[in-house]
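Here is the structure we will look at.
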Amino acid sequence: MKKYKKTYNLYTAWNYEREVEDMNRKSERGWHLIRGKSFSHKYEYNPEVCYRYQLDYQPGLTEPGRYLETYYEQGWEMVGKTFNGWYYFRKLYDPSRPKEQYKLYTDTESLKEMNGRWVKIATALILVYLVFFVIRLVHFISRPTYMTAAQLAMFLFIAGVFAHGILLMRNPKKKKTSVVDYVLGFLFFAVLIGGTIGNLMLLNKRPHSNCDFCADYYMPIPKTQEEWVMLNTMEVKYSDNYFLDLKISAEQPVNFQILDDAGETVYTAKEADYMEKNCRLRLKKGTYRIYLSDFEGGRLSLTYSLE
Amino acid sequence: MKKSEPMSESYYYILLCLSKGPNHGYGIMQMTEKLSGGEVTIGSGTMYGATGNMMKKGWIQEIISNEPGLERKRLYTLTESGREALRAEISRLKRMLANTEEV
């Protein structure tokens, strides 16, 4: 009966040699990779044979037929492929044969070409993240929120890690299997996946309330709280800076007011003609109510947006 | 004719093997090992990249074999400009060797 096992692992692209070494070591102990994927490996147990493994990076392979034929002819069996263009190969190991026969790239020039393919893609990704960074930075300058600050930090971190990877891919001599690099690799995936999901969740949970309102009041709105007009309520799911744009144009001054859960006034403006842009409000988690009050009557037109 | 860049060992041996007639990747690799007495090995990744690049340069062409036993197998064949590139490299190497002996 055949024995199998599955492992979950994280390897960064610039440390692909480490992945190869790990697969070779496991094969020497009888566990042979039979399916390689980005984050998981499947192994089969057979103590009688030993394989040597190699990884190849071929994103956007244009001639898959010629590719696999060339590898197959030299005894390479493909045992996996990742979504982003890494291919896993293995060859039965015979210690009497020269070492070079267990390498896919036998000269520095072609190895550089392979590393160069990764560098090219990583450079494009850095540029994409830098564009995101600049777009969010512009937004941050006009409306500084903690959410945007977290996004900026994430974009910068991702671009930084790719830059670090490019440096190592281009100067393989600088590579060393250090704990720092392992931690960095782990952190990178955590930030990339956790950060992206977290960001989308925060964005999705972010409330916004707006209103475009115009009416003729024949009766006044009194000062007593029981008779105020409630325009809206807004549910704030997490504490952050929120921004208010407000425009009042009325025949008489009117009181525009935002109250929190406890009934405390967070914002108030009593004007007949008023314009406010980008007013920063530090709001905690809770329900906020937006009221109009203390208006003697007449035409009232009001626009606001809070987000 | 523009001055040609020195060729990598793998490129040179691939062209050299093909000058004897069409061959497939594995055949080129075996012939290279035999010619060089095991000194030069061309791995599959290197072979795929080099043949791809040389097809782009127009030095070699892909043909499908119809020989018995090798039906439908991919073979590479040298083009006229490939032969020219090889000739240029050989004369460069000869010149270097001659210069070395002079010194």
Side-chain angles (χ1 to χ4, degrees), chain A residues 16-17 20 51-79 81 85-94 96-120 169 172, chain B residues 4-18 22-57 59-65 67 69-77 85 89:
Chain A
Y16 66 89
E17 291 99 335
V20 169
Y51 289 95
R52 279 290 183 266
Y53 287 84
Q54 285 279 279
L55 275 170
D56 191 14
Y57 186 58
Q58 296 280 0
L61 193 62
T62 47
E63 304 168 284
R66 194 173 77 82
Y67 176 68
L68 289 178
E69 194 177 306
T70 306
Y71 283 56
Y72 180 74
E73 277 176 347
Q74 287 201 24
W76 292 105
E77 176 193 355
M78 189 177 100
V79 285
K81 181 184 163 188
W86 288 92
Y87 290 77
Y88 292 78
F89 287 96
R90 71 173 183 183
K91 192 191 240 186
L92 262 178
Y93 182 57
D94 173 357
S96 68
R97 290 170 74 184
K99 260 188 181 169
E100 283 72 40
Q101 298 214 341
Y102 299 96
K103 294 255 178 283
L104 291 179
Y105 292 96
T106 43
D107 63 12
T108 33
E109 199 178 317
S110 56
L111 188 62
K112 262 190 191 163
E113 272 176 31
M114 184 192 105
N115 292 344
R117 286 194 282 274
W118 188 84
V119 167
K120 213 167 112 186
M169 271 293 205
Chain B
S4 55
E5 286 281 306
M7 227 177 251
S8 81
E9 216 170 40
S10 320
Y11 278 48
Y12 182 76
Y13 274 97
I14 293 172
L15 291 181
L16 194 65
C17 294
L18 291 179
N23 210 337
H24 47 84
Y26 186 61
I28 297 171
M29 189 213 106
Q30 280 183 315
M31 197 167 159
T32 300
E33 270 190 359
K34 211 171 139 206
L35 280 172
S36 67
E39 286 284 314
V40 184
T41 313
I42 305 177
S44 303
T46 303
M47 178 69 77
Y48 175 73
T51 44
N53 288 342
M54 285 195 275
M55 283 198 280
K56 267 185 219 144
K57 283 177 195 253
W59 288 358
I60 60 172
Q61 261 175 2
E62 196 185 296
I63 50 168
I64 302 294
S65 156
E67 277 174 56
L70 283 176
E71 283 99 352
R72 302 200 50 75
K73 193 128 176 77
R74 228 174 278 269
L75 296 181
Y76 301 106
T77 172
E89 182 66 7

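Every chain is numbered from 1, with letters handed out A, B, ... down the list of sequences. Note that the coordinates shown come from a computational prediction; the quantities given were computed from them, not determined experimentally.
In this structure, CD on Glu73(A) lies 8.0 Å from CE on Met47(B), to the nearest 0.5 angstrom.
Ranked by non-hydrogen atom pairs under 4.5 Å with chain A, the options Gly49(B), Ser44(B), Gly43(B) are led by Ser44(B). Ranked by non-hydrogen atom pairs under 4.5 Å with chain B, the options Asp56(A), Leu111(A), Asp107(A), Thr62(A) are led by Asp107(A). Of the listed residues Ala50(B), Gly45(B), Gly27(B), the one with more heavy-atom pairs under 4.5 angstrom with chain A than any other is Gly45(B).
The environment of OH in Tyr72(A) is sparse: at most 12 heavy-atom neighbours from other residues, nucleotides or ligands sit within 6.0 Å.
Only the side chain of Glu109(A) has a heavy atom closer than 4.5 Å to any heavy atom of chain B. Heavy-atom distances place the side chain of Glu62(B), and not its backbone, under 4.5 Å from chain A. Using a 4.5 Å cut-off between heavy atoms, Glu100(A) touches chain B through backbone and side chain atoms alike. With a 4.5 Å cut-off on non-hydrogen atoms, Leu68(A) does not touch chain B at all.
Thr46(B) places no side-chain N or O within 3.5 Å of a backbone atom of Ser110(A) that could act as its donor or acceptor partner.
By a heavy-atom distance cut of under 4.5 Å, Ser8(B), Ser10(B), Tyr11(B) are the residues of residues 8-16 of chain B near chain A, going up by number.
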- Arg74(B) and Glu63(A): side chain to side chain contact (heavy atoms under 4.5 Å, CB included), yes or no, with the steps? CA-CA 12 Å; Arg74(B) 228 174 278 269; Glu63(A) 304 168 284; over 6 Å; no
Report, one line per pair, each donor and acceptor closer than 3.5 Å where one atom sits in a side chain of residues 35-42 of chain B; sequence neighbours left out.
| residue | atom | partner | partner atom | Å |
| --- | --- | --- | --- | --- |
| Ser36(B) | OG | Thr32(B) | O | 2.9 |
| Ser36(B) | OG | Glu39(B) | N | 3.3 |
| Ser36(B) | OG | Val40(B) | N | 2.9 |

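Partner Tyr48(B) forms a ring-ring contact (aromatic ring centres under 6.0 Å, His included) with one of Tyr67(A), Tyr105(A), Phe89(A) and no other, that one being Tyr67(A).
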